[in-house]
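First the proteins, then the strands, lettered A, B, ... as listed; each starts at 1.
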Protein chains: 2
Amino acid sequence: MVTIKDVARHAGVSVATVSRCINETGYVHADTRKKVEDAVRALNYAPNEVARSLYTRKSKLIGLLLPDITNPYFPQLARGVEDGMQANEFRIIFGNSDENEQKEQEYIQTFIQNNVVGVISSTNRPDSDIYAKLNIPVVFLDRTSSDSPSVYSDGRKGGRLAAQEMIARGSKRITVLRGPVHIRPAQDRFQGAVEVLEEAGIDYNIIQTSSFSFAEAESWAKELFAKHLDTDGVIASNDIVATAVLHEAQRLGKRVPEDVQVIGFDDIPLSSLLSPSLSTIRQPAYDMGKEAALLLIRLIEQGKVDNRNIQLPVSFVERDTTRKVD
Amino acid sequence: MVTIKDVARHAGVSVATVSRCINETGYVHADTRKKVEDAVRALNYAPNEVARSLYTRKSKLIGLLLPDITNPYFPQLARGVEDGMQANEFRIIFGNSDENEQKEQEYIQTFIQNNVVGVISSTNRPDSDIYAKLNIPVVFLDRTSSDSPSVYSDGRKGGRLAAQEMIARGSKRITVLRGPVHIRPAQDRFQGAVEVLEEAGIDYNIIQTSSFSFAEAESWAKELFAKHLDTDGVIASNDIVATAVLHEAQRLGKRVPEDVQVIGFDDIPLSSLLSPSLSTIRQPAYDMGKEAALLLIRLIEQGKVDNRNIQLPVSFVERDTTRKVD
DNA sequence: TTTATGTGTGTAACCGGTTCCACATTTCGA
DNA sequence: TCGAAATGTGGAACCGGTTACACACATAAA
């Protein structure tokens with residue numbers, strides 16, 4: 001490994017000068033600078049970030065904690081974060097928390113041990129003292145926290161939108177799938193939808209679900225039609241569940257959207273490729289990830305920031321699981 | 001931040017003793033050990049991995065480079081890697097390469113600067129000197145390299161399987177979607193399928209594609225039916241493309257599988273949720289990721305390993321886009 | 001009893017950078 | 001022309017660990 005000493009020797013200067021040169025701090029004479037730059041090139045030198053980090057107590061690393069990258073909503077977020085970070089030369093240490101406090105704790109611990117300069121987390125416990133104790137900036141992604149920086153979309157409005165669009169398209173006996181109770185955005189959506197249904201005096205049922213997993217989605221879809229065979233509109237807690245509902249409806253010989261309309265949530269990439277393609281409430285996941293990255297970078301570099309809670313808009317994406325209106 | 005010195009002071013011993021104690025190297029008297037352990041607990045001490053890494057030139061970090069986490073095949077791989085690493089207390093620095101040599105180079109560079117002890121990469125250039133020059137172990141994932149450690153599945157066999165199953169189910173005018181030429185596994189699949197079609201003397205067409213992206217998948221599906229409207233069997237290069245084909249076929253009023261059969265590749269999670277659910281050639285992506293992690297760990301800890309090229313089996317998953325045989 | 005060996009502990013060098021400080025030289029305003 | 005300020009450079013301390021080495025003491029073998 002070529003070190004700063006090798007460069008110094010090659011250039012005939014001290015390590016201090018090399019350091020000042022590559023960091024552009026302090027005075028360096030133009031001629032000296034040239035010698036150093038030549039040496040760097042000749043030896044193909046890249047500074048050891050570990051040594052740097054030890055002294056400065058900083059790094060170019062941030063920690064990213066997501067519940068489960070296998071859930072198709074999260075890759076979008078992750079990619080947004082990554083692109084935002086990559087453009088600013090930060091690197092990401094990544095972990096899946098499985099919404100498990102212990103794992104979350106462990107990851108945060110090792111993030112700190114590796115001198116990360118910031119953390120982005122999609123946690124259900126933003127107010128846990130795991131985070132309160134950290135003395136580096138944290139951005140909560142897809143999760144709200146009143147007084148911590150966060151990037152999220154308006155779940156309640158999304159839920160309202162879903163219900164409004166479904167009512168406008170004529171469903172009378174609506175079933176709302178209520179997502180996992182411990183996941184805040186899921187509850188917001190649910191809340192929003194129920195509000196609108198109540199306001200409109202529409203008949204509705206609730207099916208409780210407890211995860212967003214593929215495997216279980218199918219069983220809730222079955223439960224839904226077993227309990228409410230005559231439902232003519234389903235507001236799903238996310239696109240995976242919506243897909244399972246669609247699948248089950250078709251298996252039962254129902255026509256979508258004629259017999260039953262379905263609206264999902266998230267707008268994951270495959271939604272548009274289903275048959276019929278899935279109408280859904282879109283969250284701009286990629287943008288959310290990117291905003292989170294940029295917000296975190298601002299917090300890291302400027303210490304504090306005015307707009308610390310960024311809410312991105314949701315929108316109704318009309319596809320083929322809902323009927324057309326004029 | 002609490003350092004080893006604080007622990008030493010609190011326990012009334014030297015830092016060397018604390019170090020020996022927490023690393024379980026050298027002699028430590030039982031009484032002393034207790035004092036140190038108490039101090040560690042009392043101060044809630046966790047060693048600074050950066051300082052450790054600087055001296056030992058090692059770390060508990062590995063680099064993971066995937067083309068694009070947004071492609072639904074990769075989260076599975078990533079998750080497998082993560083679980084394998086997590087269980088052995090390694091952490092992952094993650095990057096998306098976009099199959100772009102420059103980005104790949106940059107990531108590998110920063111991996112090294114951060115003292116990672118190993119790399120897992122899904123690259124199209126396993127033989128590039130980016131990797132040859134590294135003096136830490138590298139495992140190629142989902143990519144083959146004759147003389148480097150790798151974990152992959154048998155693409156050619158998968159392609160053969162797809163063609164065989166399709167022929168066995170009566171398709172006569174088959175269209176094979178050929179994946180991007182620079183992606184080795186895609187070409188293996190294609191090769192395998194074409195071999196079988198040739199051997200069987202079946203009429204077939206080829207549609208060339210150049211990426212696995214969602215956006216473009218739809219246009220290839222359109223192109224496919226525009227050129228070969230009468231095709232009665234499509235072997236897709238992966239499940240995304242297969243989904244787009246399915247979607248387009250249905251849009252054109254074709255019945256699947258009666259009028260046209262479709263076989264995908266990968267078995268991404270959503271495949272089973274499509275309507276009709278997608279028959280596909282399954283690659284055990286999660287297991288591949290996990291195997292890659294374990295192989296890399298063996299390489300890191302033992303220096304070398306006998307079985308460095310791990311091939312995992314592919315299998316035909318029969319669902320509803322293919323006809324039933326007795 | 002002597003000597004070798006095993007056990008237990010502390011001091012200090014080291015990893016590869018960054019930065020404080022001292023010192024030398026140059027530039028510039030009065 | 002002189003003193004102050006600006007410019008340029010190197011030595012050495014420092015970041016928080018690990019480990020080589022020296023040394024003290026206990027135990028066992030000769």
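With C:dT9, C:dT11, C:dC15 as the choices, the nucleotide that has an atom nearest any side-chain atom of B:H29 turns out to be C:dT9. Closest to the A:K5 side chain, of the nucleotides C:dT11, C:dC15, C:dG17, is C:dC15. When the nucleotides D:dT9, C:dA12, D:dG17 are ranked by their closest atom to the side chain of A:V28, D:dT9 comes out on top. For A:Y27, counting side-chain heavy atoms from C-beta on, the closest listed nucleotide (D:dT19, C:dG6, D:dT9) is D:dT9.
In terms of modelled atom types and a separation under 3.5 Å, the side chain of B:N115 and the main chain of B:S53 share a donor-acceptor contact.
Rounded to whole Å, the distance from OH on A:Y55 to C1' on D:dA12 is 11 Å. In this structure, B:L43 atom CG and D:dG17 atom P are separated by 12 Å, rounded to whole Å.
Taking the ring axis of A:Y107 as reference, the NZ or CZ atom of B:R91 stays within 45° of it and closer than 6.0 Å to the ring centre.
Within a 6.0 Å radius of CZ in B:R184, no more than 12 heavy atoms belonging to other residues, nucleotides or ligands are found.
Each of B:T17 and B:L54 has a nearest nucleotide on DNA chain D; the 5'-most of these lies closest to B:L54.
Less than 6.0 angstrom separates the ring centroid of B:F140 from the ring centroid of B:Y131.
A:V18 comes within 4.0 angstrom of no nucleic acid atom, judged by non-hydrogen atoms across all strands. Within 4.0 Å (heavy atoms only), B:T25 reaches no atom of the nucleic acid at all.
Judged by distance alone with a 3.5 Å cut-off, a donor-acceptor contact links the side chain of B:R20 to the base of C:dG10. Within 3.5 Å, no donor on the side chain of B:R57 pairs with an acceptor on the base of C:dG16, nor the reverse.
Contact check, B:T3 against D:dG16: no side-chain N or O comes under 4.0 Å of OP1 or OP2. Of the side-chain N and O atoms in A:T32, one or more sit less than 4.0 angstrom from OP1 or OP2 of D:dT9.
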